[in-house]
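Heads up, the thing below is written out as structure tokens.
All residue numbers refer to positions in the sequence shown, counting from 1.
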Amino acid sequence: MKPAFSTPLLLLVAELAAVARCQPSWQQAFEPEKQYMLKQRDAITNWKAFASGNGVTGWSENSSVAFCQWTGISCSPTPLPSGEYTYFLTLACDSFPTNTDRQLCSPKAQGTLAPELAQCTSLRSLEVTNQSLAGQLPEQWGSNGSLPLLEQINLSNNALTGAIPASWGSDGSLPSLEGLDLQGNKGLCGPVPAALQGMICGPGNCTDGELPACPTAPDCGAAIGSPPWSAAAPPPPPPSSSRPSAVLGMAAQALLAGLGECPAGCKRGAIPMRAACAKSMFWVV
């Protein structure tokens, strides 16, 4: 009869059990946090190349490396006065075994920040710096009760964009936060929530604690001239006997033919805004 479990599988189970037994009890308290760190791994789109090029170990569901020994994870053996044990996440170029230059990861991490990190209850410091993470700051990080022990957030020198979510400054959000470093993210903009003022480093430096105003969308209608028709009442289509399956009104043809390049920023998806502005004159049957 074929054994129910193969020898390699039994060895793996035994190895994982041994790792668990060797961990101090305070380190085992961090085990539930693994799933959220793995969500951040999955949010890094080039994780395989990033981990291989920078000597990153652990970061796997079935890793034989204990959580506190994962590259970039540091667990404190000293509890807070309130009794909680905490750990630190540091994905910075100078923290990796193969790098000595803070600016030179090979390659840099690409992707986004994982909203699921909001569920980390023991994370005390989050530093993901000098990478190429893009997108917006997760609104979920500011949910009431999220990240209760997080004192420092350092996301400097990435490619983050948009405004700081209003939720980050709401009552009950990030209750332990003392510092927020967003330097080097030139795409960040907008007002700083009142609760975060005084603890933020802006894109340029750590002295002003401000972000530049977010750009407003261009007024494409004003840029190319207001249409002489009502969008609610487009011109009537030609007689059914003479129209093809997709016909442009003569006025729309003239408008599109006479316009030059669409003003900068006047895009809707891949369609120039001048075409979108004239869509009320399209006759489609």
Side-chain angles (χ1 to χ4, degrees), residues 30 33-60 67-76 86-143 146-147 149-165 168 173-174 176-188 196 199-203 206 211:
F30 299 129
E33 307 276 303
K34 273 186 178 181
Q35 58 184 314
Y36 310 127
M37 289 295 128
L38 293 177
K39 291 294 185 182
Q40 182 56 64
R41 176 203 65 184
D42 295 342
I44 296 176
T45 55
N46 66 332
W47 175 264
K48 186 174 181 180
F50 171 72
S52 175
N54 294 291
V56 176
T57 58
W59 292 84
S60 172
F67 177 72
C68 289
Q69 276 71 55
W70 286 10
T71 302
I73 299 291
S74 300
C75 300
S76 174
T86 57
Y87 68 98
F88 306 79
L89 170 63
T90 306
L91 294 180
C93 292
D94 63 346
S95 70
F96 299 137
T98 58
N99 298 323
T100 57
D101 190 321
R102 188 173 183 83
Q103 300 293 332
L104 296 178
C105 288
S106 180
K108 293 187 175 184
Q110 301 172 7
T112 58
L113 295 167
E116 291 85 357
L117 291 183
Q119 301 178 65
C120 294
T121 58
S122 301
L123 183 60
R124 191 173 178 183
S125 174
L126 190 160
E127 180 181 353
V128 184
T129 60
N130 295 291
Q131 305 299 334
S132 296
L133 298 185
Q136 298 185 339
L137 299 170
E139 181 178 357
Q140 293 87 338
W141 290 13
S143 300
S146 295
L147 296 162
L149 301 181
L150 187 62
E151 297 176 354
Q152 300 289 332
I153 298 177
N154 186 350
L155 301 172
S156 59
N157 300 313
N158 279 279
L160 301 170
T161 58
I164 298 176
W168 286 31
S173 66
L174 300 167
S176 302
L177 191 65
E178 298 175 354
L180 174 60
D181 191 342
L182 300 174
Q183 294 181 89
N185 291 279
K186 298 181 179 179
L188 289 177
L196 300 181
M199 67 173 68
I200 184 175
C201 294
C206 278
L211 298 177

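Between the side chain of Asn54 and the backbone N or O of Pro107, at least one donor-acceptor pair lies under 3.5 Å. In this structure, the side chain of Trp47 does not engage the main chain of Ala109 through any donor-acceptor pair within 3.5 Å. A donor-acceptor contact shorter than 3.5 Å links the side chain of Trp59 to the backbone of Thr71. For Gln119 (side chain) and Leu117 (main-chain N/O), no donor-acceptor pair under 3.5 Å exists by modelled atom type. A donor-acceptor pair is defined here as one N or O able to donate and one able to accept, closer than 3.5 Å; no such pair exists between the side chain of Ser52 and the backbone of Ala49.
Leu137 pairs with exactly one of Thr112, Thr161, Leu155 by the side-chain contact (heavy atoms from CB on, under 4.5 Å) rule, that one being Leu155.
Residues Trp168 and Ile153 form a side-chain contact, since some pair of their non-hydrogen atoms from C-beta on lies under 4.5 Å apart. A heavy-atom distance below 4.5 Å is found between the side chains of Trp70 and Lys34. Proximity of Leu147 to Leu126: side-chain heavy atoms (C-beta onward) are nowhere separated by under 4.5 Å. Looking at Cys105 and Gln131, their side chains come closer than 4.5 Å, going by heavy atoms from C-beta outward. Considering only heavy atoms from C-beta on, Pro115 stays 4.5 Å or farther from Lys39 through its side chain. Between Leu180 and Ile200 the shortest side-chain heavy-atom distance falls below 4.5 Å.
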Trace of the side-chain contact (heavy atoms from CB on, under 4.5 Å) decision for Leu188 with Leu160: CA-CA 6 Å; Leu188 289 177; Leu160 301 170; 4.1 Å; yes
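Within 6.0 Å of CD in Glu139 there are 12 or fewer heavy atoms belonging to other residues, nucleotides or ligands.
Of all the heavy atoms in Tyr36 and Cys120, the pair that sits closest is CB-SG, 3.7 Å. Taking both residues in full, the closest heavy atoms of Ser125 and Phe88 are given as CB-CD2, 3.3 Å, listed atom of the first, atom of the second, then distance. The shortest heavy-atom contact between Gln152 and Leu150 is O-CD1, 3.5 Å. In plain terms, the two heavy atoms of Glu178 and Met199 that are nearest each other are O-CB, 3.3 Å. Smallest separation of non-hydrogen atoms from Gln40 and Ala114: OE1-N, 2.9 Å. When all heavy atoms of Ile73 and Met37 are compared, the closest pair comes out as CD1-SD, 4.1 Å.
Shown here are the side chain to side chain donor-acceptor pair (under 3.5 Å) partners of Thr90, two or more places apart in sequence or in another chain: there are none. Not counting sequence neighbours, the partners of Tyr87 by the side chain to side chain donor-acceptor pair (under 3.5 Å) test are Glu33. Remark: Glu151 engages Arg124 in a salt bridge (charged side-chain N to carboxylate O under 4.0 Å, His left out) (not counting sequence neighbours).
A donor-acceptor contact closer than 3.5 angstrom is absent between the side chains of Asn158 and Asn185.
In this structure, CD in Gln183 is found 8.0 Å from CG in Asn154, a value given to the nearest 0.5 Å.
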